[in-house]
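For reference, the structure discussed in these notes is given below.
Note that the numbering runs from 1 along the sequence shown for the chain.
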Amino acid sequence: MGWPDLAQAGGRALWDVRAAPPTEPIFWSQPCGEPRIVYMQAHRRQMKGIQRLLRGRPALILRGPIGCEDGPKYGPRWARYHRWSSWLYPEHELVFLCNTREAHEELARRGVPSHFCSQHGMVDESLFRVNTSVQKEFDAVYNAQMEPVKRHELATAVQSLALITYRIEVDPSYFRRARSQLSHAQWLNFDAAGAYHWLSPEEVGRSLARSKVGLILSAAEGANYATVEYLLSGLPVVTTRSRGGRSVLYDDRYVKVVEDDPAAVAAGVQELIARKLDPEVIRSGTIARIREHREVFLGILQSYVDSRGGGLDLRATWDRWFFNKLVRWRPIGELLGPADGSGKPAAE
């Protein structure tokens with residue numbers, strides 16, 4: 001649909017009817033309240049809901065990626081969205097953050113404001129640290145939700161294996177199959193009676209410390225937070241080839257890319273163990289890469305603040321408004337709530 005057709009169809013009314021309501025929760029935050037800056041991970045109808053909510057209010061809206069977004073449909077879809085958005089809401093500056101350079105270049109080629117800025121840049125590196133006080137019990141650990149995309153079956157040849165999982169209710173048949181295939185593994189979320197419990201970041205960190213290598217076995221997904229958690233904890237990583245963005249943290253010294261084969265995964269684990277890598281080297285190298293993308297993010301924010309005549313120094317106040325991943329699950333309607341001195345909504 002072109003601009004004339006969109007106008008004849010009611011323009012904003014057509015846009016609004018397909019928008020998420022204010023009560024719908026998504027992952028978002030407001031790093032700055034004045035001038036208004038919103039960072040989110042949202043689908044199109046959710047972004048429409050946010051832009052409708054902020055109608056008439058100048059704002060920088062940063063859209064972070066969800067999952068693997070370097071496929072052929074990504075560029076045309078968001079280029080079309082950006083054209084409509086610019087026409088309907090000229091008061092909004094919409095910028096796309098991309099987990100891969102390929103996704104950024106595709107959007108830029110279509111005239112869409114975008115940056116190669118991995119969501120790994122918003123990870124709090126203090127949450128996961130090298131812990132040498134815990135004895136190593138497992139050759140490898142795999143921290144992944146219980147969905148087929150994670151390909152747990154590729155870990156079947158790793159004999160000394162720990163598993164951390166969540167969202168086991170999403171695909172019960174896949175969960176049952178994985179439990180059967182990996183019956184030799186230690187499922188760390190389950191107690192002796194078989195009851196499941198969620199692991200806090202601190203518990204995940206202690207579990208990682210019990211392992212020598214981290215596994216990532218999906219073929220296509222987003223940046224993948226488990227990858228950065230392994231590396232910040234000083235664990236080398238065995239991964240299959242992948243699309244979506246986790247490779248921005250790869251370093252050949254401590255990341256081994258293997259074929260989609262259980263034997264290759266197991267061999268990769270043993271190779272990394274044999275290297276006797278320094279966990280602090282892994283952690284420090286990972287932090288350096290995280291901060292490269294964080295600096296891109298901060299540069300985008302500061303440029304907008306400066307363009308609006310604000311006197312804020314967002315780098316200097318980083319510790320006041322930053323939190324891990326910089327998104328929380330909550331209704332988009334809270335965007336219109338009062339902001340405190342740090343630029344966060346009062347609900348923070």
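- Using a cut-off of 4.0 Å between Lys/Arg side-chain N and Asp/Glu carboxylate O, E106 and R109 are scored as salt-bridged.
- Remark: D191 CG is packed, more than 12 non-hydrogen atoms of other residues, nucleotides or ligands lying under 6.0 Å away.
- Atom CD of E169 is surrounded by more than 12 heavy atoms from other residues, nucleotides or ligands within 6.0 Å.
- Using a distance-only test at 3.5 Å, with no hydrogens or angles considered, a donor-acceptor pair links the side chain of H92 to the main chain of R57.
- The ring-ring contact (aromatic ring centres under 6.0 Å, His included) search around Y166 returns W198, not counting sequence neighbours.
- Between the CD atom of E292 and the SG atom of C117 there is a distance of 11.5 Å, given to the nearest 0.5 Å.
- Aromatic ring pairs are classed by plane angle as parallel below 30°, tilted from 30° to 60° and perpendicular above 60°; the pair W187 and F190 is perpendicular.
- Evaluation of the side-chain hydrogen bond (donor to acceptor under 3.5 Å, both in side chains) rule for Y81 yields Q51 as partners, not counting sequence neighbours.
- Taking the charged nitrogens against the carboxylate oxygens, R206 and E202 have no contact shorter than 4.0 Å, which rules out a salt bridge.
- The pair E259-R241 meets the salt-bridge criterion, since a charged nitrogen lies less than 4.0 angstrom from a carboxylate oxygen.
- The side chain to side chain contact (heavy atoms under 4.5 Å, CB included) search around A266 returns A157, V158, not counting sequence neighbours.
- With hydrogens and angles ignored, the 3.5 Å screen pairs no side-chain donor or acceptor of R167 with any backbone N or O of Q145.
- With sequence neighbours left out, N131 forms a side-chain hydrogen bond (donor to acceptor under 3.5 Å, both in side chains) with S133.
- Every residue two or more places apart in sequence or in another chain that forms a side chain to side chain contact (heavy atoms under 4.5 Å, CB included) with Q270 is listed here: D139, I273.
- For the side-chain hydrogen bond (donor to acceptor under 3.5 Å, both in side chains) test, no residue two or more places apart in sequence or in another chain qualifies with Y196.
- Under the ring-ring contact (aromatic ring centres under 6.0 Å, His included) rule, Y39 has a single partner from F96, F297, W28, which is F297.
- A donor-acceptor contact shorter than 3.5 Å is absent between the side chain of T100 and the backbone of G244.
- For Y254, there are no ring-ring contact (aromatic ring centres under 6.0 Å, His included) partners at least two apart in sequence or on another chain.
- Residues passing the ring-ring contact (aromatic ring centres under 6.0 Å, His included) test with Y142, sequence neighbours excluded: H152.
- The side chain to side chain contact (heavy atoms under 4.5 Å, CB included) test applied to S180 returns no partner, not counting sequence neighbours.
- Panel note: side chain S85, backbone H82; no donor-acceptor pair is recorded below 3.5 Å.
- Although no hydrogens or angles enter the test, the distance criterion places no donor-acceptor pair under 3.5 Å between the side chain of R52 and the main chain of P22.
- Between the side chain of T156 and the backbone N or O of E153, at least one donor-acceptor pair lies under 3.5 Å.
- Of the possible donor and acceptor atoms, none in the side chain of E137 sits under 3.5 Å from a partner among the backbone N and O of S207.
- In terms of the side-chain hydrogen bond (donor to acceptor under 3.5 Å, both in side chains) criterion, residue partners of H104 (sequence neighbours excluded) are, by chain and number, S114.
- In this structure, the side chain of R294 engages the main chain of V123 through a donor-acceptor pair within 3.5 Å.
- Residues T165 and L188 form no side-chain contact, since every pair of their non-hydrogen atoms from C-beta on lies 4.5 Å or further apart.
- Residue N143 holds its CG atom at 4.5 Å from CD1 of I164, rounded to the nearest 0.5 Å.
- If you take NE2 on H197 and CD on E203, they are separated by 5.0 Å, rounding to the nearest 0.5 Å.
- With sequence neighbours excluded, the residues forming a side chain to side chain contact (heavy atoms under 4.5 Å, CB included) with E24 are A20, P21, R45, Q46, listed by chain and number.
- Side-chain atoms of K136 come within 3.5 Å of backbone N or O of S211 as a donor-acceptor pair.
- Under the rule for a ring-ring contact (aromatic ring centres under 6.0 Å, His included), F138 has no partner lying at least two apart in sequence or in another chain.
- Between M40 and I50 the shortest side-chain heavy-atom distance falls below 4.5 Å.
- A side chain to side chain donor-acceptor pair (under 3.5 Å) with E125 holds for exactly one of H120, R291, R283; it is R291.
- Side chain of Q119 to main chain of K325: no donor-acceptor pair is present (N/O by atom type, distance under 3.5 Å, no hydrogens or angles).
- In summary, E34 and R308 do not engage in a salt bridge, as defined by a charged side-chain N under 4.0 Å from a carboxylate O.
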